[in-house]
Undergrad: 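Structure provided below as structure tokens; questions to follow.
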Protein chains: 4
Amino acid sequence: MAPRTSKQFEEMRESKRKLIMESALKLFAKHGFFDTSINMISVEAGISKGLMYNYFKSKEDLLRSVVFQGINKFLVLFDPDHDGVLTKTELKFFIEETFCIIETDISFWKIYFSVLSQPQVLKIVGEKFWEIVNPVFKILENYFERNNFKNPKIETRLFGALLDGICINYILDPENFPLEEIKQKVIELYT
Amino acid sequence: MAPRTSKQFEEMRESKRKLIMESALKLFAKHGFFDTSINMISVEAGISKGLMYNYFKSKEDLLRSVVFQGINKFLVLFDPDHDGVLTKTELKFFIEETFCIIETDISFWKIYFSVLSQPQVLKIVGEKFWEIVNPVFKILENYFERNNFKNPKIETRLFGALLDGICINYILDPENFPLEEIKQKVIELYT
Amino acid sequence: MAPRTSKQFEEMRESKRKLIMESALKLFAKHGFFDTSINMISVEAGISKGLMYNYFKSKEDLLRSVVFQGINKFLVLFDPDHDGVLTKTELKFFIEETFCIIETDISFWKIYFSVLSQPQVLKIVGEKFWEIVNPVFKILENYFERNNFKNPKIETRLFGALLDGICINYILDPENFPLEEIKQKVIELYT
Amino acid sequence: MAPRTSKQFEEMRESKRKLIMESALKLFAKHGFFDTSINMISVEAGISKGLMYNYFKSKEDLLRSVVFQGINKFLVLFDPDHDGVLTKTELKFFIEETFCIIETDISFWKIYFSVLSQPQVLKIVGEKFWEIVNPVFKILENYFERNNFKNPKIETRLFGALLDGICINYILDPENFPLEEIKQKVIELYT
DNA sequence: AATGAATGAGAATTCATTCAT
DNA sequence: CATGAATGAATTCTCATTCAT
């Protein structure tokens, strides 16, 4: 029998890591970080409690991993050219994709806002959060400047706040929130 | 010694209740609900752990009380005539007061969003939350209708989302968030 | 009924503290620090696990307390005048009392040597240990100097080593170790 | 390829066993038995955790092996003629070698005293310990008898205690302990 | 009313050991 | 022979809540 290659092992590890993260994502979203125990996660993932610690060094580490994975998934939408310059089309695409992701990744966004509003949890995610978010703000500011918005800095902040607010309102009551119409309205406002 | 009247007792009780709630508000905002222990609260309030349970049924009950007190404080701003009809001046006043309260009651808002984004905490606050928020939405919708906004329902939702988003962004980074300029922009947009 | 005074409360606390320390001493000596769980101690003391942490902030803290209590009990034997000068009679008394304490406090000495020889445990007891032991060495050195021993420093070290060695040998096999005769021999050698 | 002979296999096994034991010795001495995990040992030895169990039945078995190897290394110094009779020269040689070994094998002695003073660890090493130590005592007793010491039994115990005490004191503070001068003093006392 | 000692369920984490590959 | 993923029992510690005083 051919011995398993190192690569195959790596793939197995990676897929189990993903499995654990998905279980955690689901439960964190459903019950919140503090009310989700390692035990619950391991049951959900169908593994033993101990094994968790083979893949993540603590519950906090697991949260961090889940949060950053979600943020990164979101950020790739942004400025697809990676040229630091946002065209009107790109912004429209970004907004559309954002709304799409709000809908599909609702679990992630629940965790995301939980992280933002819980001091102890925010502490865990820490500085790295700002490292990621700040460049995005820069690019938006640049966009508003080029498009002759009166006060680009303010506009950027307002835009960010609006998306956050929409997201948090959608999360609160997904059934009744008119996501599609809100999306059209936002696109209309900004492009 | 003159026996204390029942009224004096009530006043003492009420003021101690307030003391506990203020201590809790401060600590929940600083450390989060889960990382604030009953012990910490009682130390902050200068009373014993046991006495807490004389005023609040449980830690959850205390949270609920703190949250609803804050919401009520906020709601009295709204529609001062209680006539269910919002004038342009009243809306402007409402926005201004909202921004004022965002700044002065930052501790409350931290808890508020923590409540919104933590499923278990939201569960505690429960239905009563919607009972309070829904009428406000109705009044706003009515305002947008009377002022010929194209889609009052959407506009209401967008307005709510925007305020929520502004608040959450301010909370995250109060030092750098341009609250005053954002306020002007919002007033300009809606009145 | 007369209300309990604060002093009575303090006494109750103190006696419970002692109870826990005695239980811990017994079990640490019997099973060693690592093989004695907080659970075992609380059962032995007839209290709940949680209550332990009302009196000691951790298992390590409990160990520290037990060890220092034992060391202090031992040190009061030394130089009863507190004049820093040891007479021949005082040394004889010290040796006699030491042997007495070796016999009666065997549990403590087991822990003591466990602490000395387990790096992680020694770390817990830490610097405070040397703060206590060093002055004793000084006084002994002074004694040997005044009594014209050839090399007081060496003699001090040898004396300390001998007592440690006797103690550890007694602990290992109390039934068969001729403690009384060894004591006479030591007195004869040093006074 | 030439098949490996059984003898070669044995040699490889033996050398790997030694490697593991050396790693364990080093880590047990540094961190103590309980704070050294199988994982740490296997990393130190550059092998897998699983392989450890191919060479040693358990962690306890590994400790036992390490301790007995050290004791045996020490015992061969003793009575080189194996005639059960110790000459004055042999005793001097024995003392000198003992002090030499105290210095070079400090890691072992740390473990040794840890074993002596930790009940659970002593239990592991068990009876075999006494089987080894008792004959040595016999030979020393015989020596003191032949050399007209007043009470050979007591003298033997005292001698053993002194060496143990010296060793434990050296271990505690190798930098400052005057090992060489103590050695001269001991030789002077006993030969 | 007021206290804080006491409880005990439950949390995160560790680690010796096993076993499929 | 060699690996390291997987297990699960055991451990320390926390904390909301109760209750005798």
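Throughout, protein chains are lettered first and strands after them, A, B, ... in sequence-line order, and every chain is numbered starting at 1. Atom set for the values below is all heavy atoms of this structure, side chains included, hydrogens, waters and symmetry mates excluded.
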Undergrad: Are any of D:Y53's side-chain N or O atoms less than 4.0 Å away from OP1 or OP2 of E:dT17?
TA: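 For E:dT17, OP1 or OP2 has a side-chain N or O of D:Y53 closer than 4.0 Å.
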Undergrad: Closer to the 5' end of DNA chain E via nearest nucleotide, is it A:L51 or B:K49?
TA: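 Looking at DNA chain E, the more 5' nearest nucleotide goes with B:K49.
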Undergrad: So how far is it from B:S37 OG to B:H31 NE2, rounded to the nearest 0.5 Å?
TA: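 NE2 of B:H31 is found 9.5 Å from OG of B:S37.
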Undergrad: Over how many whole Å does the gap from A:M12 atom CE to F:dG4 atom P extend?
TA: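 One finds 13 Å between P of F:dG4 and CE of A:M12, rounded.
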Undergrad: Both C:S48 and B:N54 contact DNA chain E. Taking the nearest nucleotide for each, which residue is further toward the 5' end?
TA: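 Looking at the nearest nucleotide for each, B:N54 comes out on the 5' side.
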Undergrad: Here's a test of your reading of the structure: between C:M40 and B:G50, which maps to the more 5' nucleotide of DNA chain F?
TA: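 Nearer the 5' end of the strand: C:M40.
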Undergrad: From the list F:dA16, E:dG4, E:dA1, which nucleotide is the closest neighbour of the side chain of B:I38?
TA: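 Closest nucleotide among those given: F:dA16.
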Undergrad: Is a donor on one side and an acceptor on the other found under 3.5 Å between the side chain of B:S23 and the backbone of B:L19?
TA: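 Between the backbone of B:L19 and the side chain of B:S23 there is a qualifying donor-acceptor contact (under 3.5 Å).
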Undergrad: Just how far, in rounded Å, is C1' of E:dT17 from CG of D:D61?
TA: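 It is 14 Å, rounded to the nearest whole Å.
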Undergrad: Atom CZ of A:F34 and atom P of E:dG10: how far apart are they, to the nearest Å?
TA: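 Atom-to-atom, A:F34 to E:dG10, this comes out as 19 Å.
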Undergrad: If I take atom CZ in residue B:F56 and atom P in nucleotide E:dA2, what distance separates them, rounded to the nearest angstrom?
TA: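 Distance, rounded to whole Å: 14 Å.
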Undergrad: Quick one: pull up CE in A:M40 and CG in A:L27 and give me the separation to the nearest 0.5 Å.
TA: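 A:M40 CE to A:L27 CG: 5.5 Å, rounded to 0.5 Å.
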Undergrad: Rounded to the nearest Å, what distance is computed from the CG atom of residue C:L62 to the P atom of nucleotide F:dT11?
TA: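 Going from C:L62 (CG) to F:dT11 (P), I get 16 Å.
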Undergrad: Please report the distance, rounded to the nearest Å, between CG in C:L27 and P in F:dT12.
TA: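 Taking CG of C:L27 and P of F:dT12, I get 12 Å after rounding.
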Undergrad: Could you check how far CG of C:L19 sits from C1' of E:dA6, rounded to whole Å?
TA: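 Result: 14 Å.
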Undergrad: If you find the nucleotide of DNA chain F closest to C:K57 and the one closest to D:M52, which residue's nucleotide is nearer the 5' end?
TA: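 In this pair, the answer is D:M52.
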Undergrad: Phosphate oxygens OP1/OP2 of E:dA16: is one of them under 4.0 Å from a side-chain N or O of D:K59?
TA: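 It does, given that an N or O in the side chain of D:K59 lies less than 4.0 Å from OP1 or OP2 of E:dA16.
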Undergrad: Whether D:K59 engages the ring of D:F33 as a cation-pi pair (distance to the six-membered ring centre under 6.0 angstrom, angle to the ring normal within 45°) should be assessed.
TA: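 Yes, cation above the ring, under 6.0 Å and within 45°.
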Undergrad: How long is the line joining CG of B:N39 and C1' of F:dT17, in whole Å?
TA: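 Distance check: B:N39 CG to F:dT17 C1' gives 12 Å.
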Undergrad: Students often get this wrong, so: under 4.0 angstrom with heavy atoms, is A:T36 touching a base, only sugar-phosphate, or nothing?
TA: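 Sugar-phosphate contact only.
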Undergrad: Heavy atoms under 4.0 Å, any strand shown: does A:Y55 hit a base, just sugar-phosphate, or nothing?
TA: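 Counting heavy atoms under 4.0 Å across all strands, the contact made by A:Y55 is with sugar-phosphate only.
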Undergrad: OP1, OP2 of E:dG4 versus side-chain N and O of C:R13: anything below 4.0 Å?
TA: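 For E:dG4, OP1/OP2 do not have a side-chain N/O of C:R13 under 4.0 Å.
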Undergrad: Base, sugar-phosphate, or nothing: which does B:S37 touch, judged by heavy atoms less than 4.0 Å apart?
TA: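 Result for B:S37 = sugar-phosphate.
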Undergrad: Atom CD in B:E44, atom CD1 in B:I47: separation rounded to 0.5 Å?
TA: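 These two atoms lie 11.0 Å from each other.
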Undergrad: Both distances under 3.5 Å, Watson-Crick or G-U wobble: report the partner of F:dA20, or none.
TA: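 Pair assignment: F:dA20 / E:dT3.
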